[in-house]
Amino acid sequence: MHNSGLVFYQGATTAFAQKFEQRYPAAYHGAQSLYQVIAAKTIDSPFSFRRAVVNLFAAFDPWLASVGLATTNHNQLITLDGVFSERQQRLEVRQVFEILHSELTVREGGGSAYIGLGKNDHQNTFVITAPTDQDKSAAFFKQIYGESVQTFMQQQQIPFMERK
């Protein structure tokens, strides 16, 4: 709540600072430091928005740990749409992503979830399932890793944006 208040007021919460400080000292200081992460650079494009969220997720777990709370691993748990340049769209999936098996299951069909983490930002960009048969699964991943990012994303109906 407090971080969203900082975002809503663009960091100018001096009118509420004393009340927040009294009621929620740890959360308020955490929200201030997390707000600085997203306010550090101008957010003026889908790419800069995604980068700000990825940086926020990267800062959130260390803050949770610093106040004695369990971490959340948002970079793997939450899927953010990819934003790729034309060049990145032409690269093979293996050049852009690492696909990890997850302990989670996909709601639709109940199959094992495989998470596509970006090699550069380590953020979840997609979740897919694979055939359960070992031979078919190996062939499935071999095919995927060799496809262009654009072809793979379109075939799997995974939304993404083009970086301008």
Side-chain angles (χ1 to χ4, degrees), residues 3-4 6-7 10-11 30-67 69-164:
N3 201 19
S4 61
L6 287 168
V7 171
Q10 297 179 351
Q32 287 177 312
S33 67
L34 294 172
Y35 176 76
Q36 293 306 313
V37 169
I38 60 173
K41 294 186 179 180
T42 303
I43 298 174
D44 58 1
S45 69
F47 178 75
S48 61
F49 177 80
R50 186 178 194 282
R51 181 178 45 210
V53 173
V54 168
N55 290 339
L56 179 64
F57 289 167
F60 190 59
D61 275 345
W63 178 79
L64 286 172
S66 77
V67 295
L69 297 172
T71 58
T72 57
N73 213 12
H74 277 87
N75 67 313
Q76 289 188 24
L77 182 65
I78 297 177
T79 304
L80 293 179
D81 288 351
V83 181
F84 308 109
S85 67
E86 286 184 32
R87 184 189 72 78
Q88 288 172 310
Q89 290 177 50
R90 290 189 302 267
L91 294 175
E92 291 181 348
V93 169
R94 72 173 44 87
Q95 295 173 285
V96 179
F97 295 106
E98 181 178 2
I99 301 176
L100 304 176
H101 180 261
S102 169
E103 297 299 318
L104 303 173
T105 57
V106 176
R107 183 181 308 167
E108 194 174 295
S112 291
Y114 290 85
I115 299 171
L117 294 181
K119 286 190 173 187
N120 290 335
D121 62 12
H122 309 287
Q123 176 61 47
N124 173 344
T125 304
F126 61 84
V127 177
I128 58 172
T129 58
T132 54
D133 176 85
Q134 196 121 27
D135 291 337
K136 289 181 182 176
S137 181
F140 175 76
F141 283 110
K142 184 176 181 180
Q143 176 188 340
I144 285 175
Y145 273 121
E147 292 177 343
S148 72
V149 168
Q150 182 180 42
T151 299
F152 166 73
M153 300 293 270
Q154 289 173 343
Q155 286 178 349
Q156 297 293 320
Q157 299 178 344
I158 299 169
F160 70 94
M161 291 172 263
E162 186 170 327
R163 182 177 175 183
K164 302 288 180 185

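In what follows, residues are counted from 1 in the order of the sequence shown.
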For V83 and F49: C-alpha separation, side-chain torsions, deciding distance, then whether side-chain contact (heavy atoms from CB on, under 4.5 Å) applies. CA-CA 10 Å; V83 181; F49 177 80; over 6 Å; no
Least distance between heavy atoms, T79 atom then T125 atom: CG2-O, 3.4 Å
For A130, enumerate each residue passing the side chain to side chain contact (heavy atoms under 4.5 Å, CB included) test, keeping only those at least two apart in sequence or located in another chain. Y114, S137, F140, F141
Any donor-acceptor pair under 3.5 Å from S102 side chain to L104 backbone: yes
Tell me, yes or no, whether the heavy-atom count around K119 atom NZ, taken from other residues, nucleotides or ligands under 6.0 Å, exceeds 12. yes
Inter-residue atom distance N120.CG - Q95.CD, 0.5 Å rounding: 11.5 Å
Closest heavy-atom pair, A58 versus P62, reported as atoms and distance to 0.1 Å, is O-CD, 3.1 Å
Walk me through whether S48 and K41 qualify under side-chain contact (heavy atoms from CB on, under 4.5 Å). CA-CA 8 Å; S48 61; K41 294 186 179 180; over 6 Å; no
Nearest heavy-atom neighbours spanning T71 and A65: CG2-CB, 4.2 Å
Walk me through it: do M153 and D81 pass the test side-chain contact (heavy atoms from CB on, under 4.5 Å)? CA-CA 11 Å; M153 300 293 270; D81 288 351; over 6 Å; no
Grab the two heavy atoms, one from L117 and one from H122, that are nearest each other, plus how far apart they are. CD2-O, 3.7 Å
If you measure only the distance, is there a donor-acceptor pair under 3.5 Å linking the side chains of E147 and Q143? yes
Hey, would you say the F126 and F152 ring centroids sit under 6.0 Å apart? yes
Where R90 and S148 come nearest, the two heavy atoms and their spacing: O-CB, 3.9 Å
Examine distances only and state if a side-chain atom of N73 and a backbone atom of Q76 form a donor-acceptor pair shorter than 3.5 Å. no
Minimum heavy-atom separation for G82 to R50, with atom names? CA-NE, 3.8 Å
Name the residue from L80, T72, N124, V37 that meets the side-chain contact (heavy atoms from CB on, under 4.5 Å) definition with F57. L80
Give a yes or no on whether the backbone of I78 and the side-chain of Q123 come within a donor-acceptor separation of less than 3.5 Å. yes
Donor-acceptor pairs are to be reported for all side-chain atoms of residues 154-164 against protein atoms at under 3.5 Å, with residues two or more places apart or in another chain.
none

Just verifying a value: how many Å separate I144 CD1 and R94 CZ, rounded to the nearest 0.5 Å? 11.0 Å
So CG of N75 and CZ of F60: to nearest 0.5 Å the spacing works out to 12.5 Å
Nearest 0.5 Å, what's the CG-CG distance between L34 and L56? 5.5 Å
